[in-house]
K.L.:
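Sharing a structure here in structure tokens format.
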Amino acid sequence: MKSLEDKLFLNRYQPDKESHLKVINRDKCLECEGKPCTFICPAKVYSWNPKEKIIETAYEGCVECGTCRYGCAHDNIEWKNPRGGFGIMYKYG
Ligand code: SF4
Ligand code: SF4
């Protein structure tokens with residue numbers, strides 16, 4: 001079976017310069033139990049940075065599944081569709 005990384009490698013990206021994902025209020029993340037965003041995203045876009053105490057978003061890897069919009073425990077993620085021509089381009093749609 002192929003790993004997730006292998007599968008992601010099959011997808012072609014044209015990352016926009018600006019993130020289409022934004023954590024709205026970082027204070028909410030501090031109190032957020034379990035930080036579901038860090039495990040619900042299939043592309044592992046969200047990760048907790050314990051030093052800076054922030055959620056980091058590796059938005060370039062987003063496969064635009066939309067899960068995080070509903071998965072954030074505090075409705076704290078702003079999600080815009082990447083601008084036309086950017087974001088993911090599926091080879092096998
Ligand atoms: S689930 Fe939402 S509130 Fe919780 S850590 Fe992630 S972005 Fe922050
Ligand atoms: S839309 Fe999907 S792939 Fe993109 S950050 Fe949200 S959960 Fe991850």
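Note that the structure is a prediction, hence the values are computed from the model and not measured. As the structure lists them, so they are numbered: ligands from 1, and atoms in each ligand from 1.
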K.L.:
Look at atom 5 (S) of ligand 2 and say which protein heavy atom is nearest, naming residue and atom and giving the distance to 0.1 Å.
P.N.:
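Among all protein heavy atoms, the one nearest atom 5 (S) of ligand 2 is Tyr46 CE1, 3.5 Å.
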K.L.:
For residues Cys62 and Leu21, report the shortest heavy-atom separation together with the two atoms involved.
P.N.:
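The answer is CB-CD1, 4.2 Å.
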K.L.:
Work out how many protein N, O or S atoms lie closer to atom 2 (Fe) of ligand 1 than 2.8 Å.
P.N.:
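Protein N, O or S neighbours of atom 2 (Fe) of ligand 1 under 2.8 Å, waters not counted, come to 1.
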K.L.:
Check for me: within less than 2.8 Å of atom 2 (Fe) of ligand 2, which protein N/O/S atoms show up?
P.N.:
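Cys65 SG, with waters left out.
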K.L.:
So, for Cys68 and Ile77, which heavy atoms are closest and what is the spacing to 0.1 Å?
P.N.:
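Cys68 and Ile77 have their closest heavy atoms at O-CD1, 3.8 Å.
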K.L.:
Going by atom type alone, with no hydrogens or angles, which donor-acceptor pairs under 3.5 Å involve a side-chain atom of residues 23-41 and a protein atom two or more places apart or on another chain?
P.N.:
| from | atom 1 | to | atom 2 | distance (Å) |
| --- | --- | --- | --- | --- |
| Asn25 | OD1 | Asp27 | N | 2.9 |
| Lys35 | NZ | Cys29 | O | 3.1 |
| Lys35 | NZ | Cys32 | O | 3.0 |
| Thr38 | OG1 | Lys35 | O | 2.7 |

K.L.:
Shortest non-hydrogen contact from Glu64 to Trp79?
P.N.:
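Taking every non-hydrogen atom into account, CA-CZ2, 3.8 Å.
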K.L.:
Which residue pairs pass the side chain to side chain donor-acceptor pair (under 3.5 Å) test with at least one member in residues 45-57, sequence neighbours excluded?
P.N.:
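For residues 45-57: Asn49-Glu56.
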K.L.:
Go through ligand 2 atom by atom and flag the ones less than 4.0 Å from a non-hydrogen atom of Leu21.
P.N.:
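It comes down to these atoms of ligand 2: 5 (S).
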K.L.:
If you measure from each non-hydrogen atom of Tyr59 to ligand 2, which part falls under 4.0 Å: side chain, backbone, both or neither?
P.N.:
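Looking at Tyr59 and ligand 2, no heavy atom falls under 4.0 Å.
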